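Values below: every heavy atom of this structure, side chains too, minus hydrogens, waters and symmetry copies. Computed from a predicted model, the values in this text were never measured in an experiment.
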Amino acid sequence: MQNSGRWKLLAVVAVCAFPIIASYFTYYIIKPTGRNNYGALIDPRLHPIPEAQLQVTELDGKAAPLAQFKGKWVLLQTGPSDCQEACKKQLFDMQQLRLMQGKERERLERVWLVTDTQPLDTLVMREFDGTSMLRVNNDALKAWLPVEAGGQTSDHLYLIDPLGNLMMRFPKDADPNKIKKDIAKLLKASAIG
């Protein structure tokens with residue numbers, strides 16, 4: 001009788017201890033290497049938005065600070081007014097990424113910061129209607145936005161949080177499905193924006 005009771009006690013202890021032992025084994029022996037996000041996280045303290053230096057304006061020259069988007073998540077693209085295939089692909093991806101968020105899409109804004117003073121192609125403006133197209137001081141933009149080694153700001157899509165902090169940079173030629181997952185996680189976890 002006592003032997004049977006000990007076996008039951010040991011079985012209960014083993015069942016309770018197994019998840020703890022398995023988690024330690026998984027973390028310290030198998031060592032998960034994957035990260036949870038696709039985009040590179042940016043410390044906003046190192047890259048605060050320099051509103052005064054950026055001199056953001058609407059296409060007609062009226063001041064249009066990025067602060068106008070506070071309270072929304074912002075997908076940000078940069079580049080010259082001569083929007084070639086890579087630029088159009090980024091604009092299209094931003095458009096689709098917003099639509100893919102379903103009922104949460106109203107929380108996400110799309111912004112293209114144009115880095116020169118040349119006129120925009122009206123066909124591009126019509127095709128990507130709904131994207132805020134603003135002009136910016138290119139030198140200040142380069143000083144603000146971090147890039148991958150050997151890259152330029154127009155290679156990346158960036159994400160600004162509803163508090164106005166630059167928080168994520170996506171790689172060059174980014175996979176829209178992976179960006180979508182990052183944005184969906186952020187929108188789900190965030191009570192703001």
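- Within the 4.5 Å cutoff, no side-chain heavy atoms of E127 are placed close to those of F92.
- Neither W73 nor L66 shares a network with the other; the hydrophobic side chains, linked directly or stepwise wherever heavy atoms of I, L, V, M, F, W or Y lie under 4.5 Å apart, form separate groups for each.
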Discussion item. Please determine whether side chain to side chain contact (heavy atoms under 4.5 Å, CB included) holds for the pair L134 and T57, giving the CA-CA distance in whole Å, both sets of side-chain angles, and the decisive distance to 0.1 Å.
Written reply: CA-CA 6 Å; L134 306 170; T57 63; over 6 Å; no

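- Under the 4.5 Å side-chain heavy-atom criterion for ILVMFWY residues, no single connected hydrophobic cluster contains both I42 and M168.
- In this structure, V114 and L120 have side chains that are in contact, with non-hydrogen atoms separated by less than 4.5 Å.
- In terms of heavy-atom proximity, C16 sits nearest to I20 at O-CD1, 4.2 Å.
- D155 places none of its side-chain heavy atoms less than 4.5 Å from the side chain of V147.
- Of the possible polar contacts, none joining the R107 side chain to the Q101 backbone as a donor-acceptor pair under 3.5 Å is found.
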Discussion item. Please determine whether side chain to side chain contact (heavy atoms under 4.5 Å, CB included) holds for the pair I179 and L157, giving the CA-CA distance in whole Å, both sets of side-chain angles, and the decisive distance to 0.1 Å.
Written reply: CA-CA 9 Å; I179 295 174; L157 288 179; 4.1 Å; yes

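- Between the side chain of R169 and the backbone N or O of G39 there is no donor-acceptor pair closer than 3.5 Å.
- Expressed to the nearest 0.5 Å, how far NZ of K142 lies from OG1 of T153 amounts to 7.5 Å.
- Remark: side-chain polar atoms of R135 are paired, donor with acceptor, to backbone N or O of D116 under 3.5 angstrom.
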Worksheet entry | Verdict with reasoning, Q84 to D82, per side chain to side chain donor-acceptor pair (under 3.5 Å) | CA-CA 6 Å; Q84 297 299 315; D82 182 24; 2.6 Å; yes

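- Connection of L187 to Y158 is not established within any shared hydrophobic cluster, with ILVMFWY side chains joined at heavy-atom distances below 4.5 Å, either directly or through further cluster members.
- Pairs engaging residues 91-172 under the disulfide bond (SG atoms under 2.5 Å apart) rule: none recorded [sequence neighbours left out].
- The CG atom of N138 lies 9.5 Å from the CD atom of Q152; values are rounded to the nearest 0.5 Å.
- Side chain of Q96 to backbone of D93: no donor-acceptor contact under 3.5 angstrom is found.
- Note that CD1 of I183 is 14.5 Å distant from CZ of R105, once rounded to the nearest 0.5 Å.
- Inter-residue side-chain proximity for Q77 and M94 is flagged as met; some heavy-atom pair is nearer than 4.5 Å.
- Side chain of Y38 to backbone of D175: a donor-acceptor contact under 3.5 angstrom is found.
- To the nearest 0.5 angstrom, K172 atom NZ is 8.0 Å from S154 atom OG.
- A 4.5 Å side-chain heavy-atom check between E106 and R98 finds at least one atom pair inside the cut-off.
- In this structure the side chain of F69 reaches within 4.5 angstrom of the side chain of V111, judged on heavy atoms.
- Enclosure of atom NZ in K181 is not indicated, since only 12 or fewer non-hydrogen atoms of other residues, nucleotides or ligands lie within 6.0 angstrom.
- In plain terms, the two heavy atoms of Q90 and T78 that are nearest each other are OE1-O, 4.5 Å.
- The cluster map of Ile, Leu, Val, Met, Phe, Trp and Tyr, joined by side-chain heavy atoms under 4.5 Å apart, puts L141 and L76 in the same cluster.
- Distance check, rounded to the nearest 0.5 Å: NZ of K88 to CZ of F128 gives 7.5 Å.
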Practice prompt. Mind running salt bridge (Lys or Arg N to Asp or Glu O under 4.0 Å) on D182 and K178 for me, showing each step along the way?
Written response: CA-CA 7 Å; D182 276 1; K178 292 180 180 178; over 6 Å; no

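- Here L145 contributes atom CG and H47 contributes atom NE2; the two are 9.0 Å apart, rounded to the nearest 0.5 Å.
- A donor-acceptor contact shorter than 3.5 Å links the side chain of T115 to the backbone of G79.
- Between L186 and L159, the closest side-chain pair of non-hydrogen atoms falls below 4.5 Å.
- Contact detail for L91 and C83: the closest heavy-atom pair is CD1-SG, 3.8 Å.
- Taking all atoms of both residues into account, the shortest heavy-atom contact from T131 to R110 is OG1-NH1, 3.1 Å.
- The closest side-chain heavy-atom distance from I160 to M167 is not below 4.5 Å.
- For the pair K89 and P176, the tightest heavy-atom approach, listed with the atom from each and the gap, is NZ-CG, 4.4 Å.
- A donor-acceptor contact shorter than 3.5 Å links the side chain of H156 to the backbone of E148.
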Worksheet entry | Residues W112, L75; criterion side chain to side chain contact (heavy atoms under 4.5 Å, CB included); working and verdict | CA-CA 9 Å; W112 176 22; L75 258 176; over 6 Å; no

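- Hydrophobic clustering of Ile, Leu, Val, Met, Phe, Trp and Tyr side chains at less than 4.5 Å, counting indirect connections, unites L166 with V56.
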